[in-house]
**Q** 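Take this structure first; my questions come after.
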Amino acid sequence: MSTSVICFRSDFRLNDNPALREAIEAGPDGVVPMFVLDDHYWGPNGRTRLAYLMALLRDLDERVGGLTVVHGKPWEAVPRVARAVGATSVHVAADYGPYEKDRDDRVEKALADDDVALVRTGSSYAVAPGRVTKDDGSPYRVFTPFYRAWRQHGWRAPAPGVRSVPWIRADVRTKQIPDVDPPDGVALPPLGEDAARRRWREYLDQVDEYDDLRDLPGRDATSRMSVHLKWGTIHPRTMLADLAERGSKGAEAYARELAFREFYADVVHHRPDTLAGYYDKRFEAMDYDEPGEDLQAWKDGRTGFPIVDAGMRQLLAEGWMHNRVRMIVASFLVKDLHLEWTVGADHFLDLLVDADPPSNQHGWQWVAGCGTDASPYFRIFNPTSQGKKFDPDGTYVRRWVPELQDVPRKFVHEPWRLDEPPADYPAPIVDHAEERQESLRRYEALRS
């Protein structure tokens, strides 16, 4: 018999999956679908994502008629399954994170001892990290020129779907997919390939307005496709092909956001140290405060700044937050509370169901001023004026901060100005004007 193994990681789809198509060609007598419950998934952060992952595994298990789930080190588990079925090749989509690259190198070496090939086909990006470089071969440090080069490089069309797969289950001891509950109160979003395709088709009818409405958290104007991109239940090439057909300003703006995801993956490919540390290492010497009660107030959505609190409460309830609000709450943590960006990045990694490490870490560094394409440190978001600009009627705030439900529009972003502020809503924990000056002072001290 000629069999192969397809090892799923963050590509939970059967359509537009080049690695799966390669596995079918290499294993006409049977393809073993497998997933390794690697200890890497049980890190200090990621409760929401872990619960979502387990639900995705159960969905995939049903779709393939039996997913071989093995617990252990991938470089031990994958060869064990390959030997059990007599596979001549194991197929994966290429991964580019520092742990993931090391993992795959070790799997490849272990398989080679049994004369089994590890075949990397495709990736979770339209353009794989490392492909877009300057003329001298060096990586881009700034997004805009990267974006131009990324568009010029182009990408393949979506791969054709697969009509049927000769799935087989390996005769090895498998681990039951564990039940993992998300953090209290978090409702997981719809999952699986069908849900991703359905949501994307629905959103294409709205994408032409994306550029005009994407910064308004009170409007349901964003796609919420980030979770599907994170887990590979849809490929960005599929989305880019549909956006090209639209040809609108909104579609172009959306494609640009997809490029941001690929830019940050490219940055981490070249600078893996920036997943845990600073891109601009000068900021390691910045004067930061120690986390205390203010950090907990931020996490709980009890800072007294309505747009900040609304965002943090949405995160607690949905494991997701509107992107404009992510920038506002991040700026508040770094510039108003003077806490190190890694504190907030870790909290996001813990709760966001769509947390993509390169985008998460570098999004935070952009706000903190220490990343690529960084905004100057003195660009400090005023949470009150940001709320008034992007949530002028207070729709978003009232949705997530019920204590302000009946506050007049004039005061919804400044409830402390009322003659009688709501008794159950906290007063601001800091004076933004004073903390802005303190941030500038610390920045100047760093520069000197």
Side-chain angles (χ1 to χ4, degrees), residues 1-42 50-95 100 103-104 106-108 110-122 124 159-180 191-196 231-233 235:
M1 292 181 63
S2 181
T3 61
S4 66
V5 174
I6 175 76
C7 191
F8 293 93
R9 282 94 69 92
S10 295
D11 48 354
F12 292 96
R13 66 185 184 280
L14 304 185
N15 291 292
D16 192 12
N17 190 331
L20 175 58
R21 294 186 65 84
E22 288 288 328
I24 295 171
E25 291 184 12
D29 295 318
V31 176
V32 177
M34 75 170 294
F35 185 89
V36 181
L37 282 175
D38 184 350
D39 287 339
H40 180 69
Y41 291 107
W42 275 265
L50 187 59
Y52 195 82
L53 171 59
M54 296 305 120
L56 274 173
L57 289 177
R58 285 188 285 273
D59 176 76
L60 185 61
D61 182 56
E62 293 181 5
R63 298 195 70 189
V64 301
L67 182 67
T68 297
V69 178
V70 184
H71 186 218
K73 296 179 176 62
W75 44 93
E76 296 174 356
V78 175
R80 185 165 72 249
V81 171
R83 284 193 295 270
V85 299
T88 57
S89 58
V90 174
H91 298 262
V92 297
D95 263 346
E100 289 78 8
R103 174 202 63 200
D104 287 353
R106 297 178 73 173
V107 170
E108 183 176 42
L111 286 171
D113 291 339
D114 295 331
D115 292 325
V116 177
L118 179 69
V119 182
R120 299 172 175 89
T121 308
S124 60
V162 292
R163 296 183 178 180
S164 63
V165 183
W167 299 115
I168 59 174
R169 192 182 182 98
D171 185 18
V172 297
R173 179 188 297 178
T174 62
K175 184 177 180 68
Q176 185 176 2
I177 299 170
D179 291 323
V180 177
L191 58 87
E193 184 173 8
D194 291 341
W231 295 107
T233 47
H235 198 282

**Q** Taking Arg13 for the side chain and Asp194 for the main chain, is one N or O donor matched with an acceptor at less than 3.5 Å?
**A**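 Checking the backbone N and O of Asp194 against the side chain of Arg13, no donor-acceptor pair under 3.5 Å is found.
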
**Q** To the nearest 0.5 Å, how far apart are OG1 in Thr3 and CD1 in Ile168?
**A**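 Output value for this atom pair is 5.0 Å.
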
**Q** Using distance only, find each side-chain donor-acceptor pair of residues 75-94 under 3.5 Å and give its atom names and separation, not counting sequence neighbours.
**A**
unit_1, atom_1, unit_2, atom_2, d
Arg83, NH1, Asp114, OD2, 2.7
Ser89, OG, His91, NE2, 2.8

**Q** Would you name the heavy atoms of Leu67 and Asp61 that are closest together and state the gap between them?
**A**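 Closest heavy-atom pair between Leu67 and Asp61: N-OD1, 2.6 Å.
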
**Q** Taking side chain as C-beta onward, heavy atoms only, is Pro178 less than 4.5 Å from Leu37?
**A**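 SC-SC contact between Pro178 and Leu37 confirmed.
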
**Q** Looking at Ala159, is its backbone amide N or carbonyl O close enough to the side chain of Asp16 to form a donor-acceptor pair, meaning the two atoms are under 3.5 Å apart?
**A**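 Between the backbone of Ala159 and the side chain of Asp16 there is a qualifying donor-acceptor contact (under 3.5 Å).
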
**Q** Got a second to check how far Thr68's OG1 is from Trp167's CH2, nearest 0.5 Å?
**A**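 Rounded to the nearest 0.5 Å, the OG1-CH2 separation comes to 10.5 Å.
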
**Q** Calculate, to the nearest 0.5 Å, the distance between atoms CZ and CG belonging to Phe12 and Leu191 respectively.
**A**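 It comes to 10.5 Å.
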
**Q** To the closest 0.5 Å, what do you measure between CG (Leu14) and CG (Leu60)?
**A**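 The CG atom of Leu14 sits 6.5 Å away from the CG atom of Leu60.
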
**Q** Could you report the tightest heavy-atom contact between Pro166 and Gly27, atom names first, then the distance?
**A**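 Nearest heavy atoms, Pro166 then Gly27: CG-O, 4.1 Å.
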
**Q** Once rounded to the nearest 0.5 Å, what's the spacing between atom CG of Leu111 and atom CG of Leu118?
**A**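 The distance works out to 6.0 Å.
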
**Q** For the atom pair CD (Glu193) and CG (Leu56), what is the distance rounded to the nearest 0.5 Å?
**A**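 Reported value, rounded in 0.5 Å steps: 11.0 Å.
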
**Q** Considering residues at least two apart in sequence or located in another chain, which fulfil the side-chain hydrogen bond (donor to acceptor under 3.5 Å, both in side chains) criterion with Asp59?
**A**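 Residues passing side-chain hydrogen bond (donor to acceptor under 3.5 Å, both in side chains) with Asp59: none at all.
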
**Q** Is a salt bridge present between Asp95 and Arg103, judged by a nitrogen-to-oxygen distance below 4.0 Å?
**A**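 Here Asp95 pairs with Arg103 in a salt bridge, since their nearest N and O are under 4.0 Å apart.
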
**Q** If I compare all heavy atoms of Gly72 with all of Val36, which pair ends up nearest, and what's the gap?
**A**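 In terms of heavy atoms, the two residues are closest at O-CG1, 3.4 Å.
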
**Q** Return the set of residues passing side-chain hydrogen bond (donor to acceptor under 3.5 Å, both in side chains) with Glu22 (not counting sequence neighbours), or none when no residue passes.
**A**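 If we apply the side-chain hydrogen bond (donor to acceptor under 3.5 Å, both in side chains) test to Glu22, skipping adjacent residues, there are no hits.
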
**Q** If you look at every heavy atom in Pro74 and Asp38, which pair is closest and at what distance?
**A**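 The pair with the smallest heavy-atom distance is CG-OD2, 3.4 Å.
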
**Q** When you check the gap from the basic side-chain N to the acidic O, do Arg9 and Glu100 get nearer than 4.0 Å?
**A**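 No, Arg9 and Glu100 are not salt-bridged.
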
**Q** How close do Ala23 and Val31 get, heavy atom to heavy atom, and via which atoms?
**A**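 Looking at all heavy atoms of both residues, the closest pair is O-CG2, 3.7 Å.
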
